[in-house]
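One structure below.
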Amino acid sequence: MRYLQAGEQQLVALDPDNNTLRQLVHQAGYSCKIFPDRRRVKLEVTVLEGGGPLLLFDASDPSNLGWFSRCQFYVDSVSGVVLQTPLVVSNCFTDGKLARDRVSISVATELPAEFRLPGKRGLTEQVVYALIYNLLTALRETGVALCGAFGIQPLTGGSRRKT
């Protein structure tokens, strides 16, 4: 982690290690492909064999109320932003069809220095690793709520959306 100055704005530049990312994704029960970029790292994660669909569900559907009450993560369906984190989630497709066992997660690596997670916790690579691991675990065990009517499609549960 290092600090950068961009005009009047100070930024935190994170430098997540690809091997560490690959290990934590595997520990969470996924395989992954990593695509580094200048300002983000993109992970395409797939549940290992027999994992079933990911628990990314439509929060507005009343049949998903039990999952909603247990959620640790909420995703804005239009932008894909995992609320109050530097993570962005998007759907993956295979032959034009929604892949229910795979998602793409982008990690912002340049953020304003004053960016804070809930609880006023600052950002470091270790915090980002923990966020990714916890998000991946939630996608398999407790569920992640998708908030909004357009954009990203839910992967499981009741839904009024067409996939």
Side-chain angles (χ1 to χ4, degrees), residues 1-57 59 67-92 99-148 151-156:
M1 179 176 96
R2 63 189 192 283
Y3 290 94
L4 305 171
Q5 193 72 32
E8 293 182 18
Q9 188 175 21
Q10 190 173 24
L11 300 172
V12 173
L14 302 172
D15 190 22
D17 178 64
N18 288 352
N19 289 329
T20 303
L21 288 170
R22 202 171 271 107
Q23 283 179 316
L24 77 87
V25 167
H26 186 72
Q27 286 175 3
Y30 298 80
S31 63
C32 80
K33 295 177 186 173
I34 299 175
F35 305 95
D37 196 3
R38 280 189 54 186
R39 295 191 172 116
R40 74 179 74 91
V41 174
K42 181 179 171 186
L43 308 171
E44 190 173 292
V45 298
T46 306
V47 176
L48 295 175
E49 291 296 318
L54 295 174
L55 303 177
L56 181 63
F57 64 90
W67 279 347
F68 187 79
S69 64
R70 297 181 301 203
C71 278
Q72 180 182 359
F73 295 99
Y74 301 89
V75 176
D76 174 38
S77 69
V78 176
S79 66
V81 172
V82 180
L83 301 180
Q84 297 183 314
T85 73
L87 307 177
V88 176
V89 174
S90 59
N91 292 124
C92 292
R100 297 190 181 277
D101 64 343
R102 187 173 41 151
V103 293
S104 175
I105 301 171
S106 292
V107 183
T109 56
E110 289 183 5
L111 296 152
E114 61 273 359
F115 181 88
R116 295 287 181 262
L117 295 169
K120 300 187 182 197
R121 189 169 186 188
L123 217 52
T124 64
E125 285 88 357
Q126 288 73 29
V127 171
V128 170
Y129 298 147
L131 277 172
I132 294 169
Y133 183 83
N134 290 338
L135 176 63
L136 292 173
T137 301
L139 282 167
R140 291 189 59 214
E141 295 176 6
T142 58
V144 173
L146 194 53
C147 304
I152 298 173
Q153 295 295 308
L155 302 178
T156 194

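Numbers here are sequence positions counted from 1.
The side-chain contact (heavy atoms from CB on, under 4.5 Å) search around L111 returns L14, P86, A108, F115, L123, not counting sequence neighbours. Qualifying side-chain contact (heavy atoms from CB on, under 4.5 Å) partners for V81, counting only residues two or more places apart in sequence or in other chains: S79, V88. With sequence neighbours left out, P53 forms a side-chain contact (heavy atoms from CB on, under 4.5 Å) with R100, T156. Under the side-chain contact (heavy atoms from CB on, under 4.5 Å) criterion, E114 pairs with P112, sequence neighbours left out.
Q84 and P118 make their closest contact through OE1-CG, 3.1 Å (heavy atoms, listed as atom of the first residue, atom of the second, distance). Between V12 and M1, the shortest heavy-atom contact is CG1-CG, 3.7 Å. The two residues T109 and P16 come nearest to each other via the heavy atoms CG2-CD, 3.9 Å. Taking both residues in full, the closest heavy atoms of A28 and L136 are given as CB-CB, 3.9 Å, listed atom of the first, atom of the second, then distance. R140 and V47 make their closest contact through NE-CG1, 4.3 Å (heavy atoms, listed as atom of the first residue, atom of the second, distance). Here the shortest heavy-atom pairing between A145 and C71 reads N-SG, 3.5 Å.
Only one option out of I152, V103, L87 pairs with V75 in a side-chain contact (heavy atoms from CB on, under 4.5 Å); it is I152. Each of V128, L21, I132 was compared with V41 under the side-chain contact (heavy atoms from CB on, under 4.5 Å) criterion, and only L21 meets it.
Contacts classified as side-chain hydrogen bond (donor to acceptor under 3.5 Å, both in side chains) and involving residues 18-34 (residues at least two apart or in different chains) are given here: D17-T20. Every pair passing side-chain hydrogen bond (donor to acceptor under 3.5 Å, both in side chains) that includes a residue from residues 37-54 is listed here, sequence neighbours excluded: D37-R40, R39-E110, E44-R102.
Note: E141 CD to L55 CG = 9.0 Å, rounded to the nearest 0.5 Å. Here L139 contributes atom CG and N134 contributes atom CG; the two are 11.0 Å apart, rounded to the nearest 0.5 Å. Within the model, atoms CZ of F73 and CG of L146 stand 14.5 Å from one another, a figure rounded to the nearest 0.5 Å. Between L4 atom CG and L11 atom CG the span is 6.0 Å, to the nearest 0.5 Å. Taking CG of N91 as the start and OG of S104 as the end, the distance is 9.5 Å to the nearest 0.5 Å.
Looking at heavy atoms from C-beta onward, V144 lies out of side-chain contact with F57 at the 4.5 angstrom threshold.
Between the side chain of Q5 and the backbone N or O of G7, at least one donor-acceptor pair lies under 3.5 Å.
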Worked check of side-chain contact (heavy atoms from CB on, under 4.5 Å) between L135 and V89: CA-CA 10 Å; L135 176 63; V89 174; 4.1 Å; yes
